[in-house]
Amino acid sequence: PEAPRIRNFSIIAHIDHGKSTLADRLLEATGTVSARQMKAQFLDRMDIERERGITIKAQTVRLSYRAADGEAYALNLIDTPGHVDFSYEVSRSLAACEGALLVVDASQGVEAQTLANVYLALENDLEIIPVLNKIDLPSADPDRVRREIEDIIGLDASAAILASAKEGLGTEEILEAVVRRIPPPGGDPAGPLRALIFDSWFDSYQGAVVLVRVVDGAIRPGDRIRMMSTGQEYEVSRVGHFAPDAVDRDVLGAGDVGFLTAAIKSVRDTRVGDTITGARRPASAPLPGFRPVKAMVFCGLYPVDSAQYDQLKEAVEKLWLNDPAFSYEPETSSALGFGFRCGFLGLLHMEIIQERLEREFELSLISTAPAVPYEVTLADGTVTKIHNPAQMPPPDRIAQVAEPYVRAEIHLPKEYVGAVMRLCDEKRGTQAGMRYLTPDRVLLTYEMPFNEIVLDFYDRLKSASRGYASLDYDFIGWRPADLVKLDILINRQPVDALSVIVHKEKAYYRGRDLAGRLRRVIPRQLYEVVIQAAVGGRVIARERIPPLRKDVTAKCYGGDITRKRKLLERQKAGKKRMKQVGSVEIPQEAFLSVLKV
Ligand code: GTP
């Protein structure tokens, strides 16, 4: 269809307010998926998404809808990920739309996590249609929630749609509103091609599958295209859309959303936010907003069983092809053996990749605590980035260490401002602003070391605000700080995989705390285990785990055999995630205990 018959929109919602259920109803009501085909939450394809209940990979579907005006429309529903790690991807997905459905649970009201996405939508000038969902619930209070949308977000909610995605109420009205209230896409159909990449993934047969929003011009199979950020050129093999399976088309025109393939070997060449243009008639300027993504959290991944190293290598290579934000390089640890230092956008991204490695590739892994990169200036003036605390040079060779800083924006109800400001101070934050968005809602801006966010900021923020604060952040550069490496020694042997970089003032406290935690998570062994924390060779804390005296099962002899078996089984299960470090068995929790403060 031509642009006037196209609508491009997203659904934005707080977790559990019903985004996936509503998407299911839209697919059904437009006959895109029949009720028989409909598994609940059709758009959440990956297992992990299903279990975690979040959307990781944007899935974009075309709905064909005959509106009340008698015309047939193509409605492109663009799914967006819902976590701050992926906020750049969200912003690009929204940049591909003209409108968004804002789904709010009519019994819960406006909640924190929706706000960041609403602001991204407003930044992209989207038409926002409020939908009050779950009106079937007896506790639904649409009037109150309508007022909240007006007060907190500042949107006119008088025309908000009442819906129950569960029972299918309001679906038709929502589809009509998409057609009537969201403007058709603009753009110049005759101009040189400009298409925004808002998602891509790797397919072993087609190469990269790229989701694009064509802004100007058109794309056809056989066209030669150029990626504007890299200058790489390709010949288009297929274009089409998902409905929900792939449907080939002859052309994607201005205003349209769909996929293309072009025998592209890796998704590294199809970066989200980049502009595709024509190689023969290139556009003079790319679309605004491109920003290459950079890994900002690193951890070591090691096979529990070193025989799985080759399998792990193959698995990380595969994931690398599929995820431009993921990076890896081989790493050797004296404690853990051969593994990889991997880079991620943030903590959630890290957890997702670890989970995929274990599930899809059936690997059993030990991961070291996540750390941010540091920029080290040596005494001789050379500057290096280190991605692993163990690589920190000795203090006498260092002139300066700089750490990444973020500007953090925190939205919260005013009653939690005091508690959250105290937390930000403790996290070495500097306040950069405080603004009342409404009489009850505050926007706090802080400049803060990213390291503190990686540690436990998010959990602490949630508990300081009873879950009502939302966090969004942007990197603002590197800043020098008084940082030292804290080493952990087990039976006098330094364990490189347990080293952390900490602020000098906190080193003593962190060292004691960490040694205490390790004492609690490392099981008793046949001989004494001594745990020491040290800074620059000076021991600042010491803990001791007394040896086991007897066989743990000895006391069961002659007694209850099932109890003995249970005990052994429990020991065996505990063993799975153990790593022999020198003469001591260290469990996975030990490597993560550095994260808890
Ligand atoms: P995430 O994917 O975790 O962000 O959640 P979501 O916003 O996609 O919510 P989802 O569609 O998974 O719905 C969350 C829960 O609310 C599910 O248990 C749904 O069955 C339920 N739910 C969704 N819509 C309605 C509704 O209209 N009424 C009632 N009573 N329950 C609903």
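As the structure lists them, so they are numbered: ligands from 1, and atoms in each ligand from 1.
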Ligand-residue contact atoms, ligand 1 with [X], heavy atoms, under 4.0 Å:
| X | value |
| --- | --- |
| Leu137 | 30 (N) |
| His14 | 7 (O) |
| Asn133 | 24 (N), 25 (C), 27 (O) |

Item to complete: Apply side chain to side chain contact (heavy atoms under 4.5 Å, CB included) to the pair Asp79 and Asp199, showing each step before the final yes or no.
Response: CA-CA 10 Å; Asp79 200 8; Asp199 194 9; over 6 Å; no
Discussion item. Would you call the rings of Trp201 and Phe242 parallel, tilted or perpendicular, taking 30° and 60° as the class edges?
Written reply: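 Tilted.
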What I want to know is whether [X] and ligand 1 share at least one N or O pair that is separated by under 3.5 angstrom.
| X | value |
| --- | --- |
| Ala163 | no |
| Glu167 | no |
| Gly18 | yes |

Worksheet entry | Interatomic spacing from CZ in Arg213 to CD1 in Ile197 - rounded to 0.5 Å |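 Between atom CZ of Arg213 and atom CD1 of Ile197 there are 14.5 Å.
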Just to be sure I'm reading this right: ignoring hydrogens, which of [options] gets closest to [atom]? Compare them by their nearest heavy atoms.
| atom | options | answer |
| --- | --- | --- |
| atom 23 (C) of ligand 1 | Ile11, Thr21, Ile12 | Thr21 |
| atom 21 (C) of ligand 1 | Lys134, His17, Arg25, Lys19 | Lys134 |
| atom 28 (N) of ligand 1 | Asp136, Asp24, Asp79 | Asp136 |

Worksheet entry | side chain to side chain contact (heavy atoms under 4.5 Å, CB included) between Arg441 and Tyr436, worked out | CA-CA 6 Å; Arg441 310 246 353 150; Tyr436 275 81; over 6 Å; no
Practice prompt. Return yes if some donor-acceptor pair links the side-chain N/O of Asp274 with the main-chain N/O of Thr270 below 3.5 Å, else return no.
Written response: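 A pair under 3.5 Å: no.
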Fill in: Geometric cation-pi criterion Arg5 and Tyr73, 6.0 Å radius, 45° cone
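Relative to the ring axis of Tyr73, which defines the angle, Arg5 lies inside both limits.
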Worksheet item: So with a 6.0 Å cut-off around CZ of Arg422, is the heavy-atom count from everything else above 12?
Response: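 Incorrect, the count does not exceed 12.
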